[in-house]
J.: 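Sharing a structure below in structure tokens format, with a few things to ask.
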2 protein chains.
Amino acid sequence: MPYPAKISVADIQRAALRILEDQGLEALSMRPLAEALGVRASSLYRHVAHREALLSLLSEEAAVQLRGALEGAAVSEAPGRPALEALSRAFLAFAQRRPQLYALMHLPRPPESGAGESQRLWQFVLGRVSRASGLPDDTAGTVALWAFLHGYVELERSGLFGLSGPAGGFERGLEALSGRHGLGVVPPRPESAG
Amino acid sequence: MPYPAKISVADIQRAALRILEDQGLEALSMRPLAEALGVRASSLYRHVAHREALLSLLSEEAAVQLRGALEGAAVSEAPGRPALEALSRAFLAFAQRRPQLYALMHLPRPPESGAGESQRLWQFVLGRVSRASGLPDDTAGTVALWAFLHGYVELERSGLFGLSGPAGGFERGLEALSGRHGLGVVPPRPESAG
DNA sequence: GTCTATAGCAGGATAGAC
DNA sequence: GTCTATCCTGCTATAGAC
């Protein structure tokens, strides 16, 4: 009775995620993945079309999880600069905590393929930045902040500022970008509040 | 008389560079590289120890060329904000013009291996940023600016802001980072000058 | 210094039995 | 839906003749 299914797409995704984070993208090949699931490699092709499709799945998952992390950090809804700082630190923390999953999001990918969750993520950040800057649809501000955050993550990962260390560069960039001459609007700062 | 050498390390480097830019890193394997040089793959190992060593060579070359591009752009020696803008635009132009070579610089690489040219590049940018900010050794400022530039390049390449386009995000970030509340010192602005 | 030949490995993917 | 068996392609790298 080998007929009841041993694995599902969700199983595959879970196992793939684990291999990805533990051993990196290169190690995520069909045979070890199948082995982790107690199954032969050829069986995987009943559930996913090919490896690329699997990576697309994971890329979507990455966008979902990052958005989740950002939403979680934005609970303290103080608008303006503090909100952008909280958002930024959550972004950095996520990228540091799940480097492989984060990196997967940025693989060159066919333009429209599953851009769904990636778009939702973008929209979320756009909303936060726009609220902070006071501009109705602050795409430029979002691009600027996002570029800084992503670049910082990448440089740290690649070890480019290895010798000196970041040396406060994160705070410096954040200050410049989220300060009132960057993106931030002057926070309300009601005098009656504690 | 097959004894006179048909190829040199410089030849290999040149051919590799060409393949890299034309077809990407994946396509840069020993067999096609050898073929481009009119030689068998095994012959390459007389000149380079292995593929990794070749990539290190190219990585160094990338740092040299990027530094060259930045130096070239910094000829108009107006200090302060305009200098940082010129530097930044040259950085962006280089990364866009030679995307594969640029990307090669950021591969995770053994810490000290050939960090020579990479270090010289860093020192050069550090010098420019420090001059602009007026701080003696503005590592934080350099990290912040570099992170922004690199992140912008990477996001553009990966197509993450595909739908909206960058929408002026480069200028926005540059303004925030190089403006007087970012890195830039108030430029001398002598009242007597035109 | 270059050649032929080959070892050795790993990967994605398919055919067809059960 | 999973299995066994297998194809095919690609890669780095080495041995040994000339």
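No hydrogens, no waters, no symmetry mates; every other heavy atom, side chains included, goes into these values.
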J.: Identify, between B:R46 and B:A49, the residue whose nearest nucleotide on DNA chain D lies closer to the 5' end.
T.: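 The residue whose closest nucleotide sits nearer the 5' end is B:A49.
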J.: Expressed as a whole number of angstroms, how long is the span from A:R40:CZ to D:dG1:P?
T.: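 Rounded to whole Å, this separation is 19 Å.
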J.: Taking atom P of C:dT2 as reference, at what distance in whole Å does atom CD1 of B:I12 sit?
T.: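 Atom-to-atom, B:I12 to C:dT2, this comes out as 8 Å.
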J.: To the nearest 0.5 angstrom, please state how far the CG atom of B:L121 sits from the CH2 atom of B:W146.
T.: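 Output value for this atom pair is 3.5 Å.
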J.: Can you see if the side chain of A:H50 gets near the phosphate of C:dT14 - specifically, an N or O under 4.0 Å from OP1 or OP2?
T.: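 Indeed not, no polar side-chain atom of A:H50 lies that close.
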J.: What is the distance, rounded to the nearest whole Å, between atom CE of A:M30 and atom C1' of D:dT6?
T.: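 Going from A:M30 (CE) to D:dT6 (C1'), I get 17 Å.
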J.: Please determine whether side-chain hydrogen bond (donor to acceptor under 3.5 Å, both in side chains) holds for the pair B:E156 and B:Q96, giving the CA-CA distance in whole Å, both sets of side-chain angles, and the decisive distance to 0.1 Å.
T.: CA-CA 9 Å; B:E156 194 176 44; B:Q96 286 171 338; 2.9 Å; yes
J.: Which of these nucleotides, C:dG1, C:dT4, D:dC3, is closest to any side-chain atom of B:A5?
T.: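 It is C:dG1.
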J.: How long is the line joining CZ of A:R31 and P of C:dT14, in whole Å?
T.: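 Nearest whole value for this atom pair: 14 Å.
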J.: For D:dC3, does OP1 or OP2 lie under 4.0 Å from any side-chain N or O of A:S43?
T.: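 For D:dC3, OP1/OP2 do have a side-chain N/O of A:S43 under 4.0 Å.
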J.: Counting side-chain heavy atoms from C-beta on, which of C:dA13, D:dT4, C:dC3 comes nearest to A:Y45?
T.: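 Among the listed nucleotides, the one closest to the side chain of A:Y45 is C:dA13.
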J.: Are the side chain of B:Q13 and the backbone N or O of B:L58 linked by a donor-acceptor pair below 3.5 Å?
T.: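 No, B:Q13 side chain to B:L58 backbone: no donor-acceptor pair under 3.5 Å.
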J.: Name the nucleic acid region contacted by B:R51, choosing base, sugar-phosphate or nothing; use a 4.0 angstrom heavy-atom cut-off, strictly under.
T.: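 Sugar-phosphate only.
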J.: Answer yes or no: are there more than 12 heavy-atom neighbours, outside A:R89 itself, under 6.0 Å from its atom CZ?
T.: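 Yes, CZ of A:R89 has more than 12 neighbouring heavy atoms, counting only those of other groups under 6.0 Å.
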J.: Go nucleotide by nucleotide along DNA chain C from the 5' end; which of A:S42 and A:S29 gets its closest nucleotide reached first?
T.: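 It is A:S29, whose closest nucleotide lies nearer the 5' terminus.
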J.: Specify the separation, in whole Å, of atom CD of A:Q23 and atom P of C:dG11.
T.: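 That distance rounds to 11 Å.
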J.: Any carboxylate oxygen within less than 4.0 angstrom of a Lys/Arg side-chain nitrogen, looking at B:D138 and B:R131?
T.: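 Not counted as a salt bridge, because no side-chain N and carboxylate O are separated by less than 4.0 Å.
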J.: Roughly, in whole Å, what's the span from CG in A:L37 to P in D:dC3?
T.: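 Taking CG of A:L37 and P of D:dC3, I get 11 Å after rounding.
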J.: B:E26 has an atom CD; how far is it from atom P of D:dT9, in whole Å?
T.: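 In whole Å, D:dT9 P lies 19 Å from B:E26 CD.
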J.: Take atom CG of A:L54 and atom P of C:dG11, then tell me their distance rounded to the nearest Å.
T.: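 Result: 14 Å.
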